[in-house]
Undergrad: 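This is the structure I have questions about; it appears just below.
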Amino acid sequence: MNMLDKLNENQKKAVLHTEGPLLIFAGAGSGKTRVITHRIAYLMEEMHVPPWSIFAVTFTNKAAEEMKNRVASMIGPAGRDVFIRTFHSASVYILRRFGTHIGIPGNFSIFDQSDQESVVKRILMEMHLDPKKIRPSAIVSKISEVKDRAELVDGTDPASLLPESYSYDLSEIYRLYHEELKSQNALDFNDLLIKTVEVLRGSPSCLASLQSQWRYFMIDEYQDTNYSQYLISKYLSKGSRNICVVGDDDQSIYSWRGADIRNILNFESDYPDARVITLDRNYRSTEPILEAAQAVIRHNENRKDKDLKSEMGDGEPVTWCHSSNDYGEAEFTVNTIMSLKSREGFSNSDFAVFYRTNAQSRVIEDLLRRKSIPYRVVGGLRFYDRKEIRDIIAYLRFIVNPLDQVSLMRIINTPARGIGRATIDRIRSAAAEKSRSPWEVIQGSLLTGKVPKGLTLFRDVMTELMEALPGVPGSKKLSQFVMDIIESSGYRENLLDEKSAESTARLENIDEFVNSVYDYESGQPDAAMQDFLQDISLFTTEESPDAGQDSGGNAVTLMTVHNAKGLEFPVVFITGLEEEIFPHRLSIDSDEGIEEERRLCYVGITRAKERVYLTNAELRRTFGTLNYREPSRFISEIPGHIMQVKSYHSEGFSHNGNGVFRRRETGARKSAPSAPYPAPSPSPSPSPSPAPLSKPETGPGGSSAYSLHEQVLHPKYGVGRIIKIEGSGDNLKLTILFGSSSKTFMEKYTPLEKCP
DNA sequence: TTGAGGCTTTCAACA
DNA sequence: AAAGCCTCAA
C-alpha cells in the first residue's frame, strides 16, 4: 500500500495508531486534514473497518464536506458512508433517532439567535420590561453563555450561574425562556448539544446502540470544543476507546462560544495511556510568512511553546501597507491584486481578503465591483438569513411544527392580510385563557367576536397545506410542496405585484431556495421536510449562491478571519489591522481577550502560502462617522527586518464624494508614525495594470425557447409581448408587456403559451 | 390596519 | 451607512 508514502514520519505514526486514544498536536499547515483523511482511508482499506463505524466531526459544514470528498477521492464512493459531520449536525442526528427518550419529538424546530431574541423580547414585554432598555440580544448571549458552562451541563441550578444585581430578574427570564421553548417544541443551538448529552447519559440503551455503531472517533479542532462536545465525544468513545483528537492551542479562536482550551490540554490526564504526536513541519507557507506568524504568536504568554518549520523554502517578505483611509486600503488591495495577476500570473481565486468584522467588507466589495473583478463573500449575511428566505422557511417550520409560535408570528401577516396587533393580541389572550396554542385558537375558531377575513383565509390555507405535508417519504416532492406554499400563501403574487428591483431580487432568491430544496431532495430522496429544515438550520457559513458577480469559481474570496480557519490561499490580505478593530475594542481590556485576538491574527497569517499583505487605515468610517485608528499592536510585533513597509495614498475622493478624503499631497505626512512602528517609506503605489477585460455578460437567453418581441399568452394577464429576457435555464426571466404595463416572470413558474 | 417617512440605534466572531 | 422602530395620516 503506497498510501503512506506521501506522509512524513509523524504523520505516518498518526495514521498507523488506530487503536486506543491518540492526541495529535497539529500546527498550522502541518497536514492535519491529510492525516485525518489518510487515517480514515487506512482504517477502511487496511483494517477493513466498515465506513459506518467511523465517526468524524469537524468544525464547519464546509470542512465536513471537504473531508468527505477527499476520503471519497481516495477510496471511492464508500467513503461517503463515513459519518462526517459537525457536532451540531451529529447531535441532530442523535436527537432525531433517540430524542423521544427524553421527550423531544422528532419535528422540533431549531431556534437560531434571532428566533431566541424574539422569544426573549416577548418575555420582556410580558414582564413589563422595556426591550429597548434591556437588549434581548444581551439576554440571549447571557443565557447562551450559561448553557455553554460545564456546571450547567452537570446539573447545577442555572440561577446560581447567572450574574446578579440587575434591575430585573434574570433567572426568571431564563426560566420563562425555557418554558417557552418547550411549549413551542423548539431547541436552541446549545440545547442540541446539551440534550444529546442528556440522551447519552440518561438512556443506556441508546448509548449502547450508538457505541456499537461507531467504533472509531476523530475529533477535529479539538481546541475549540466546549464542555458538552467534550462529553459527547467521551461518552460515545467510552466503549471502543478509539478516540483520536486533533488540535492546536494556538488556533483556539472560539472561547466566546464556550470553547474550553482545557479539553485539549487535559486530554493526557483524561487518557493516561494516550499516545501524543506532534506535527510541526509546515507544508503550506514560505519561511518569511511562517516567521512573521510565529513572531506574533510568541507574544502570547499562555501557550505551549512550539516551533514550526517551513518546508516551503524562502519567499517574498510579508508586506505591511499603511493607508490614509479605508478607501485607500481597499484601493491598495485591489491594485495589488490586479498587478499580481498581470505580472505574476496569479488568478482571482488565488486571493483572499480577510477582515475582523463583516461590516468591513463593503468598501472592498465596492472597489472590486468597480474594477469588474469577480468576488465571493463567504459568511456575512447568510443566504438563509434573507428576509424572504426566512419567511418561506417560517412557513415550512410552522407547517411541520404548529407549536412554533415564533414562525407563526412571522408569517401570520406576511404578506399583509389585515391581521394586525389587535387581532394578534386577541389570539394570544384567548390562547392563554383556554390553555391552547395560538394555532389551536385559530384553527378551532375559538375567538369571540368578529374575526378578520384574512385570518379565516390564513387558517384555510394553512390547514390545507398541513394536510398536504409530505409525510410518507416519496409521497410528494419537497420542492413541489415549497412551490405550493409560495403560491397559495400569496407570497409570490405579492412580490410580483410590487415590481421593484428589490422584489425582483427577492423572487430570484426564492427561486434559488426552491432549487436548493430540489438539490436536497435529489441527494436524499427519503428525507422528510423536518429533516430538510433541521439540516439547513445548521448550514450557515454556506456562501450565498449568488454572491459576487460571477459564480463561475474564479473569484476573489472575502471573509472574516474566523471563517478562514482551515482554509489556505496563495495570497492573503489581512485588512483593518488597527487598534479597536483588530484587536477588537471589546477584547482589548483583558489579557485573555488580547491573546485570543492574537491567535486569530496568527490563524489569518498562516492561511497564506506565498504572499501576505497586512494593511491598516489611519482614518476609517464606522457607524457613519470618521475615526482615527492606530495601527494594530500585532503589526509592531513583527520585527521590522522581516517585513516590507509601504504606504499608500488614495487617489481621488472618498466613497461619499463630499471631499472628506480629499487626496493628500504625497509626502504631506512627513512626521514619522508613533515610536514602535517602522517608519513607512513612501513608495510608489502599485500602478494599476490595465484591468483585465471583464467577462462578457452571458448572452440573454442563449438557449431559451423564447425570443425577444415574441407574443405570448399568459393565463392571467392575456396576450403580451416579450420585451426583455434575462438569465437562463431555471433562472430564465421574461419581462412581458401587457398593454402599457410590464411584468417580469420566472419562466419556470409561468405557464406561458406562444402565440403564432 | 397599512405603509410612508422620520428618528434611533447599531457592528464581534458562529453552529 | 443601513437597518430597525415608531408615529401618524389615510
Side-chain angles (χ1 to χ4, degrees), chain A residues 57-64 85-92 110-114 116-117 121 130-133 135-138 141 144 147-148 187-193 221 224-226 228-229 252-259 326 354-363 366 378-382 384-385 387 413-424 452-455 498 534-542 559-565 576 580-588 593 596-597 599-601 603-604 620-627 654-656 658:
Chain A
V57 283
T58 64
F59 213 66
T60 63
N61 291 294
K62 207 174 177 180
R85 304 211 187 185
T86 63
F87 264 110
H88 288 84
S89 156
S91 298
V92 167
I110 298 175
F111 278 7
D112 68 11
Q113 189 159 341
S114 79
Q116 293 175 282
E117 281 171 25
K121 191 174 167 188
D130 185 356
K132 267 181 295 181
K133 296 211 181 86
R135 287 182 23 236
S137 61
S141 56
S144 188
K147 294 174 81 169
D148 277 325
L187 301 178
D188 63 25
F189 283 120
N190 295 303
D191 287 333
L192 295 177
L193 303 172
E221 309 283 9
D224 280 329
T225 50
N226 70 13
S228 307
Q229 293 167 331
S252 163
I253 55 176
Y254 284 101
S255 70
W256 51 275
R257 212 173 73 187
D326 50 357
F354 300 156
Y355 33 81
R356 179 64 177 80
T357 68
N358 280 303
Q360 289 166 248
S361 75
R362 260 206 50 232
V363 190
D366 284 349
V378 177
L381 217 213
R382 313 164 337 188
Y384 294 118
D385 274 346
K387 183 191 175 304
N413 199 34
T414 314
R417 345 180 135 80
I419 302 170
R421 227 192 110 181
T423 311
I424 289 173
K453 236 178 170 176
L455 189 61
E498 207 183 301
Q534 289 169 359
D535 286 348
I536 62 168
S537 326
L538 305 177
F539 242 83
T540 57
T541 38
E542 178 74 334
M559 63 175 119
T560 62
V561 196
H562 280 92
N563 254 318
K565 177 151 130 168
E580 312 224 314
I581 301 274
F582 195 179
H584 195 271
R585 169 170 62 87
L586 300 175
S587 303
I588 232 157
E596 180 146 322
E597 296 283 318
R599 290 192 294 269
L600 190 57
C601 183
V603 167
R620 177 178 300 276
R621 190 176 285 276
T622 23
F623 294 139
T625 50
L626 291 169
N627 298 289
S654 78
H655 23 109
N656 62 7
N658 64 10

Undergrad: Mind checking A:Lys133 for me? I need base, sugar-phosphate or nothing, with any heavy atom below 4.0 Å counting as a touch.
TA: nothing
Undergrad: 5'-most contact on DNA chain B: A:Gly418 or A:Asn190, nearest heavy atom basis?
TA: A:Gly418
Undergrad: Base, sugar-phosphate, or nothing for A:Phe59, non-hydrogen atoms under 4.0 angstrom?
TA: sugar-phosphate
Undergrad: Please state how far atom CG in A:Asp188 lies from atom P in B:dC14, giving the value in whole angstrom units.
TA: 18 Å
Undergrad: Between A:Lys147 and A:Asp188, does any NZ, NE, NH1 or NH2 come within less than 4.0 Å of an OD or OE carboxylate oxygen?
TA: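 Judged by the 4.0 Å cut-off on N to carboxylate O distance, A:Asp188 and A:Lys147 do form a salt bridge.
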Undergrad: Quote, to the nearest angstrom, the C1' distance that separates B:dA13 from C:dG4.
TA: 22 Å
Undergrad: Tabulate below the donor-acceptor pairs under 3.5 Å that side-chain atoms of residues 580-588 of chain A make, not counting sequence neighbours, or state none.
TA:
from, atom 1, to, atom 2, distance (Å)
A:Glu580, OE1, A:Arg629, NH1, 3.4
A:His584, ND1, A:Leu586, N, 3.0
A:Ser587, OG, A:Glu597, OE2, 3.0

Undergrad: According to side chain to side chain contact (heavy atoms under 4.5 Å, CB included), who are the partners of A:Lys387, at least two apart in sequence or on a separate chain?
TA: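 With neighbours one apart ignored, the set is A:Asp391, A:Arg410, A:Thr414, A:Tyr491, A:Arg506.
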Undergrad: Would you please name every residue forming a side chain to side chain contact (heavy atoms under 4.5 Å, CB included) with A:Ser137, sequence neighbours left out?
TA: A:Glu117, A:Arg135
Undergrad: Nearest whole angstrom, please: distance from the C1' of B:dC14 to the CG of A:Asn61.
TA: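 Computing the A:Asn61:CG to B:dC14:C1' distance gives 11 Å.
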Undergrad: Looking for any heavy atom pair under 4.0 Å, which part of the strands does A:Arg417 touch: base, sugar-phosphate only, or nothing?
TA: sugar-phosphate
Undergrad: Taking only side-chain N and O atoms of A:Asn413, does any of them lie within less than 4.0 angstrom of OP1 or OP2 on B:dT2?
TA: yes
Undergrad: In whole Å, I'd like the distance from the CD atom of A:Gln229 to the C1' atom of B:dA15.
TA: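 It is 9 Å, rounded to the nearest whole Å.
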Undergrad: Could you check whether A:Ile419 gets within reach of a base, just the sugar-phosphate, or nothing at all, counting any heavy atom under 4.0 Å?
TA: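 Sugar-phosphate, backbone atoms only, no base.
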Undergrad: I need a per-nucleotide contact map over nucleotides 8-13 of chain B, read 5' to 3'. Cutoff is protein heavy atoms under 4.0 Å; write B for the base, S for backbone only, - otherwise.
TA: --BBBB
Undergrad: Provide the closest heavy-atom pair for A:Thr86 versus A:Thr60 in the form atom of the first, atom of the second, distance.
TA: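 Heavy atoms of A:Thr86 and A:Thr60 come nearest at CG2-C, 3.4 Å.
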Undergrad: Compare all side-chain heavy atoms of A:Asp148 with those of A:Asn190 and state whether any distance is below 4.5 angstrom.
TA: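 Touching, per the 4.5 Å side-chain cut-off.
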Undergrad: Taking only residues two or more places apart in sequence or in another chain, which ones pass side chain to side chain contact (heavy atoms under 4.5 Å, CB included) with A:Asn413?
TA: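 Side chain to side chain contact (heavy atoms under 4.5 Å, CB included) check on A:Asn413 returns A:Ala416, A:Arg417, A:Ile419.
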Undergrad: Considering only side-chain heavy atoms of A:Thr423, which listed nucleotide, B:dA15, B:dT1, C:dA1, is closest?
TA: B:dT1
Undergrad: With rounding to whole Å, what would you report as the distance between B:dC11 and C:dC6 at their C1' atoms?
TA: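 Roughly 23 Å separates the two C1' atoms.
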Undergrad: Nearest whole angstrom, please: distance from the P of B:dA15 to the CD of A:Gln534.
TA: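 One finds 18 Å between P of B:dA15 and CD of A:Gln534, rounded.
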Undergrad: Ring centres of A:Phe111 and A:Phe189 under 6.0 Å apart?
TA: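 Judged by ring-centre distance (under 6.0 Å), A:Phe111 and A:Phe189 do not meet the cut-off.
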Undergrad: Specify the separation, in whole Å, of atom CD1 of A:Ile110 and atom P of B:dC14.
TA: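 Taking atom P of B:dC14 as the reference, CD1 of A:Ile110 is at 19 Å.
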Undergrad: Write down the distance between CZ (A:Arg620) and P (C:dA1), rounded to a whole number of angstrom.
TA: 15 Å
Undergrad: Please examine the side chains of A:Arg620 and A:Asn627, heavy atoms only from C-beta on, and report whether any two atoms are closer than 4.5 Å.
TA: no
Undergrad: Please state how far atom CG in A:Asn627 lies from atom C1' in C:dA1, giving the value in whole angstrom units.
TA: 13 Å
Undergrad: Between A:Gln534 and A:Ser537, is the side chain to side chain donor-acceptor pair (under 3.5 Å) condition met? List the steps.
TA: CA-CA 5 Å; A:Gln534 289 169 359; A:Ser537 326; over 6 Å; no
Undergrad: Using a cut-off of less than 4.0 Å, is there contact between a side-chain N or O of A:Lys387 and OP1 or OP2 of C:dG4?
TA: no
Undergrad: Dot-bracket for DNA chain B, 5' to 3', with Watson-Crick and G-U pairs under 3.5 Å, [ ] for crossing pairs and | for other-strand pairs: what is it?
TA: ||||||||||.....
